[in-house]
Amino acid sequence: MVKQEDSYKHRGMRKMLVRELKVKGIKDERVLAAIGKVPRHFFFDPIFDQHAYEDKAFPIGEGQTISQPYTVAVQSELLEVKLGSKILEIGTGSGYQACILAELGAEVHTIEYIKKLHLQSKKMLNKMGYHLNFYHGDGSMGLPEQAPYDGIIVTAGAPSIPNELIKQLKINGILIIPVGKGKSQTMIKLVKTSDSKVTRKEYKQFSFVPLRGEKGIDQ
Ligand code: SAM
């Protein structure tokens with residue numbers, strides 16, 4: 001159910017969250033503005049409303065979570081979205097990260113493995129006025145039919161980096177992917193500098209639900 005109300009109190013809590021993210025090191029003003037704009041409490045059951053602006057992941061059903069705002073901010077910042085960038089998100093989940101990408105000016109393609117979440121997020125985002133490109137299926141090998149992309153963001157923990165994702169990037173395209181088989185994953189940024197070369201940088205540890213599918217934990 002969409003909770004349409006975005007009250008003064010919600011907007012105030014969002015401002016506080018943005019301040020907290022700045023203190024934690026998020027510098028990209030466009031990312032901060034997007035987080036300040038998207039009503040995260042719309043993705044929560046009204047009885048958990050007060051948790052929406054805590055910097056925490058939260059269950060969204062089906063054993064999955066809406067990512068922690070700090071994680072969303074870090075991934076969005078690393079992705080360097082520009083107006084019109086064609087972005088593939090793997091793991092739509094609640095749809096919150098997809099809204100942030102849309103606010104950054106991206107052409108968003110987002111794929112979700114669990115049908116119920118795919119349908120729920122599509123319905124919710126359409127009601128909120130975000131008409132993005134939603135797909136249901138295994139995104140662990142990307143979405144070749146819409147490739148190439150300026151950026152790919154994976155929002156579930158991958159055991160390794162699928163080669164297919166690199167193939168689907170444009171030259172200078174960016175892949176942001178949390179990689180690790182245990183409870184925590186290292187955030188990795190790859191930039192495809194030519195058809196045969198990538199640069200790779202590692203960031204902090206994060207904790208994601210596992211990537212499913214052929215190149216995920218089911219391989
Ligand atoms: N981006 C989401 C948000 O803003 O709410 C957070 C998503 S949650 C941490 C990770 C999501 O990835 C889950 O909804 C999960 O079902 C999905 N997922 C896992 N493996 C997948 C796969 N192979 N293809 C597509 N989605 C996948």
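Position 1 is the first residue of the sequence, and the numbers go up from there. For ligands, and for the atoms within them, numbers begin at 1 and follow the listed sequence.
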Report each N/O pair between ligand 1 and the protein that falls under 3.5 Å, naming both atoms.
| residue | atom | partner | partner atom | Å |
| --- | --- | --- | --- | --- |
| ligand 1 | 1 (N) | E89 | OE2 | 2.9 |
| ligand 1 | 1 (N) | G91 | O | 3.0 |
| ligand 1 | 1 (N) | T155 | OG1 | 3.2 |
| ligand 1 | 4 (O) | Q97 | N | 3.0 |
| ligand 1 | 5 (O) | S94 | N | 3.0 |
| ligand 1 | 5 (O) | S94 | OG | 2.6 |
| ligand 1 | 14 (O) | E112 | OE1 | 2.8 |
| ligand 1 | 14 (O) | E112 | OE2 | 3.3 |
| ligand 1 | 16 (O) | E112 | OE2 | 2.6 |
| ligand 1 | 20 (N) | R212 | N | 2.8 |
| ligand 1 | 23 (N) | D138 | OD1 | 2.9 |
| ligand 1 | 23 (N) | R212 | O | 2.8 |
| ligand 1 | 24 (N) | G139 | N | 2.8 |
| ligand 1 | 26 (N) | Y113 | N | 3.2 |

Could you tell me how the ring of F58 sits relative to the ring of H51: parallel (under 30°), tilted (30 to 60°) or perpendicular (over 60°)?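 Because their plane-to-plane angle is under 30°, the rings of F58 and H51 count as parallel.
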Backbone N or O of K183 within a donor-acceptor pair of the S207 side chain at under 3.5 Å? yes
Quick check on Y203: does its OH atom have over 12 non-hydrogen neighbours (other residues, nucleotides or ligands) under 6.0 Å away?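 Yes, because the 6.0 Å sphere around OH of Y203 holds more than 12 heavy atoms from other groups.
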Any ion pair linking D138 and K215 (charged N to carboxylate O, less than 4.0 Å)?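 Looking at D138 together with K215, the answer is no, because their closest N to O distance does not fall below 4.0 Å.
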With a 4.0 Å cut-off on N to O distance, would you call D150 and K170 a salt bridge?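 Yes, charged N to carboxylate O under 4.0 Å.
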Are I153 and V74 co-members of a hydrophobic cluster defined by side-chain heavy atoms under 4.5 Å apart? yes
